[in-house]
Protein chains: 2
Amino acid sequence: MSVFMGVGTAGLKGSKKPDILVIHLQKECAASVVFTGNHFKAASVLYSEEAYRRSGGYIRALVINSGNANCAVGKEGILHAELMAKKISELLDIPEEQVLVFSTGIIGKPLPIEDVLKAIEHACSNLEELDLKTASEVISTTDKFPKYDFLKKDHLEVFGFAKGAGMIHPNMATMLAFVFTNADLDPYELSSIHREITERTFNSISVDGCTSTNDSFALISLGVYRENDLTKVRDAVEEVSLSLAKKIVEDGEGATKVIKVVVKNATLQLKARLIAEKIATSNLVKTAIFGGDPNFGRILAAAGSTAFPIDQFKLKLYIGNHLVYDSKVHPHALKHAKEYLQTEKEISIVLDLMEGKESWTYYASDLGYEYIRINAEYTT
Amino acid sequence: MSVFMGVGTAGLKGSKKPDILVIHLQKECAASVVFTGNHFKAASVLYSEEAYRRSGGYIRALVINSGNANCAVGKEGILHAELMAKKISELLDIPEEQVLVFSTGIIGKPLPIEDVLKAIEHACSNLEELDLKTASEVISTTDKFPKYDFLKKDHLEVFGFAKGAGMIHPNMATMLAFVFTNADLDPYELSSIHREITERTFNSISVDGCTSTNDSFALISLGVYRENDLTKVRDAVEEVSLSLAKKIVEDGEGATKVIKVVVKNATLQLKARLIAEKIATSNLVKTAIFGGDPNFGRILAAAGSTAFPIDQFKLKLYIGNHLVYDSKVHPHALKHAKEYLQTEKEISIVLDLMEGKESWTYYASDLGYEYIRINAEYTT
């Protein structure tokens with residue numbers, strides 16, 4: 001089954017580039033959607049959460065506008081999202097609750113709804129087959145490159161597109177991701193693998209530790225063929241999702257490096273995860289990596305600052321393959337680690353807690369002058 | 001009762017300035033000490049936690065070295081702290097467990113213990129009355145100014161000194177604070193007011209959200225006269241402690257402004273506190289303040305990203321005295337807020353949740369280029 005898309009321009013982006021994307025599914029498709037955990041949700045998120053609940057987990061269309069977050073505009077924003085869904089419902093003759101609405105862009109500015117509805121009309125009357133690159137470009141705001149990926153394993157296909165580069169432009173909300181698979185899964189199966197994958201992919205990346213009002217990640221089953229090996233589907237969806245997530249980190253505001261933090265041999269997975277997250281989101285670690293400085297003290301101090309105790313006389317810390325600390329500092333390894341930091345683009349930090357069997361991996365961008373420039377110099 | 005101090009130089013600072021401070025109390029004094037919550041504790045912290053437990057809450061002396069954190073040096077560091085305490089115990093003829101050891105400075109370098117012991121000997125043979133400014137200078141690392149304060153209300157005296165400017169220099173650990181009162185309190189009374197005050201002062205400030213391996217805050221009762229109104233003592237100690245805490249924020253790495261975040265009318269104090277902390281530690285909010293940008297969307301997005309729900313259609317957000325958001329944006333107020341941000345040094349952000357009676361205040365520095373320069377350009 002093909003996925004169709006339509007593109008329109010409502011003038012929401014400064015660039016006057018296309019800013020409305022309609023995705024049309026030819027039949028009801030099981031879908032699982034994870035919305036932002038932020039309590040200050042965009043009106044589009046408030047609308048779509050409710051519509052998705054009413055849909056029973058089967059949807060027919062998505063509409064995504066970029067350039068305006070439809071957030072912090074009062075209850076009018078919910079009405080705007082509803083009008084967008086209603087329009088598509090009429091034009092494509094599908095139930096209103098099977099249309100989900102996503103928005104990304106400036107906060108606090110009402111949508112010019114007449115222009116948006118006109119652009120939707122244009123998009124719906126010019127449907128063509130989904131092109132991942134174009135789709136990513138239409139929903140992008142200040143992304144430096146489009147983000148999409150495709151995977152085929154025997155009969156199984158998984159493909160998706162995304163946008164996101166941190167809250168790169170002031171008042172721009174962060175990430176949206178849409179992943180499709182041709183495998184036929186029901187909403188329950190879909191949502192169970194979706195949650196697990198979200199934790200290990202989009203919920204394990206950070207540009208600046210800030211959760212946006214609009215973040216959403218949808219996983220859609222096109223229902224073409226039955227794949228009984230759910231693990232196979234999960235692995236393929238995870239591979240595509242992780243690829244998209246890493247592209248967002250790579251495109252992170254001011255990023256010069258991707259930092260991969262692995263915490264291994266912990267007693268609990270949650271412990272490994274929270275320590276990895278603490279290291280990956282520490283401003284002191286991120287500035288050190290930016291500066292090419294193998295500052296093991298900052299990594300250890302970050303590792304120690306979760307609720308979980310660590311044994312400082314047992315753990316081992318590696319930067320790249322270099323063992324820099326195990327109850328004592330290794331100056332020679334530090335020298336090699338410094339060269340490694342100054343030449344590689346993807347930096348690996350491995351903390352071996354030497355106490356159990358659980359591990360977690362977290363990805364983050366480094367923190368440099370460009371982040372400050374992007375986030376401080378633009379004023380509303 | 002007077003407090004005495006001795007100063008020595010062990011060559012731990014690059015500047016060759018005094019780096020050893022011994023504080024001598026003429027009699028046993030009730031003390032309450034709060035050590036870092038970091039699980040990767042400096043050896044001096046590990047030693048002093050144990051000594052304090054053995055002391056039963058009454059102490060006779062403190063020794064503080066700056067320029068070396070005595071951290072991440074293996075178990076040898078604990079032995080070094082013990083040797084420092086033992087030396088003072090012999091020289092001043094006081095029980096070993098009544099001497100507490102504090103260190104601040106570079107992580108991962110063993111203390112040159114012979115030099116440290118010699119400097120302690122010098123300090124102990126040259127005791128004089130405590131001078132707050134000198135004391136702060138001796139324990140400072142890269143602080144730009146000394147931090148001390150004094151308060152007298154009727155008979156009640158409270159005075160203290162501190163060091164800290166964020167982990168301003170790479171591998172430098174953050175804050176130490178010592179506050180004294182002439183009021184006679186037992187260890188139990190002291191620790192109950194100490195914990196409460198710590199939460200509202202040193203635990204409600206942030207430069208970069210990073211917890212150091214050496215942070216410590218001691219409150220010492222000199223036992224001169226009995227003050228039965230404990231609230232009066234608490235308020236005075238809180239006033240001095242908050243003054244010291246705010247000086248640390250003001251001296252925060254690269255700081256150009258102090259941001260005061262007040263969350264009020266919450267249903268729970270914990271909720272007010274976590275939301276205030278989230279706003280105050282958000283890189284996006286901090287860069288906006290640095291840039292003089294009244295970016296209300298970032299403040300609201302930060303407020304929404306704790307575990308506590310907020311009602312976006314009820315809350316009010318003020319920057320300075322300007323109501324910038326209450327279900328809708330006020331463009332005129334935003335213009336005034338922008339002028340306010342660009343002229344004031346202490347910036348007030350007030351989020352009124354309009355739902356209860358609890359409030360919390362949190363202080364933070366802004367985030368600019370200088371933070372990146374300080375933390376990225378120095379390499380180990």
**Student:** Which residue out of B:Y371, B:F40, B:Y325 racks up the most heavy-atom pairs below 4.5 Å with chain A?
**Tutor:**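 Top option by heavy-atom pairs under 4.5 Å: B:F40.
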**Student:** Output the distance between atom CD1 (A:I310) and atom NZ (B:K41), rounded to the nearest 0.5 Å.
**Tutor:**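 The distance works out to 10.5 Å.
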**Student:** I'd like to know which of B:G368, B:G77, B:A302 tops the heavy-atom pair count under 4.5 Å against chain A.
**Tutor:**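 Most heavy-atom pairs under 4.5 Å with chain A: B:G368.
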**Student:** For chain A, which of B:C71, B:G74, B:A288 has the most heavy-atom pairs under 4.5 Å?
**Tutor:**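 Heavy-atom pair counts peak at B:G74.
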**Student:** Looking only at heavy atoms, which two atoms of B:F296 and A:A72 are closest? And how far apart?
**Tutor:**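 Nearest pair, atom of B:F296 first, then A:A72: CE1-CB, 4.3 Å.
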**Student:** For B:N375 and A:N283, which I'm curious about, is there any donor-acceptor pair between the side chains at under 3.5 Å?
**Tutor:**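 No, A:N283 and B:N375 have no side-chain donor paired with an acceptor closer than 3.5 Å.
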**Student:** Could you walk me through whether A:T213 and B:Q312 pass side chain to side chain contact (heavy atoms under 4.5 Å, CB included), step by step?
**Tutor:** CA-CA 11 Å; A:T213 52; B:Q312 61 169 290; over 6 Å; no
**Student:** Report which part of B:F308 has an atom under 4.5 Å of a heavy atom belonging to chain A: side chain, backbone, both, or neither.
**Tutor:**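 The backbone, not the side chain.
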**Student:** Which atoms of A:K109 come close to chain B, meaning under 4.5 Å heavy atom to heavy atom: side chain ones, backbone ones, both, or neither?
**Tutor:**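 Looking at A:K109, nothing touches chain B.
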**Student:** As an exercise: rank B:S282, B:P309, B:G304 by heavy-atom pairs under 4.5 Å with chain A and give me the winner.
**Tutor:**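 Maximum pair count with chain A is reached by B:G304.
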**Student:** Based on non-hydrogen pairs under 4.5 Å, which of B:G37, B:G108, B:P110 is most in contact with chain A?
**Tutor:**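 The answer is B:G108.
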**Student:** Examine whether an atom of B:L341 lies under 4.5 Å from a heavy atom of chain A, and if so say whether it belongs to the side chain, the backbone or both; otherwise answer neither.
**Tutor:**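 B:L341 has no heavy atom closer than 4.5 Å to chain A.
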**Student:** Which atoms of A:Y369 come close to chain B, meaning under 4.5 Å heavy atom to heavy atom: side chain ones, backbone ones, both, or neither?
**Tutor:**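 For A:Y369, heavy atoms of backbone and side chain both lie under 4.5 Å from chain B.
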**Student:** For B:A303, is it the side chain, the backbone, both, or neither that has a heavy atom closer than 4.5 Å to a heavy atom of chain A?
**Tutor:**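 Neither the backbone nor the side chain of B:A303 comes within 4.5 Å of chain A.
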**Student:** Which atom pair, heavy atoms only, marks the closest approach of A:A376 to B:F290?
**Tutor:**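 Scanning both residues completely, I find the closest heavy atoms to be CB-CD2, 3.6 Å.
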**Student:** Considering all heavy atoms of both residues, which atom of A:I78 and which atom of B:F313 are nearest to each other, and what is their separation?
**Tutor:**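 Answer, listing the atom of A:I78 first, then B:F313: CD1-CZ, 4.2 Å.
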**Student:** Does A:I275 form a side chain to side chain contact (heavy atoms under 4.5 Å, CB included) with B:H39? I'd like the steps, not just the answer.
**Tutor:** CA-CA 11 Å; A:I275 292 175; B:H39 293 293; over 6 Å; no
**Student:** If you count heavy-atom pairs under 4.5 Å with chain A, which of B:K328, B:K75, B:E76, B:K335 comes out on top?
**Tutor:**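 Looking at each option in turn, the highest pair count goes to B:K75.
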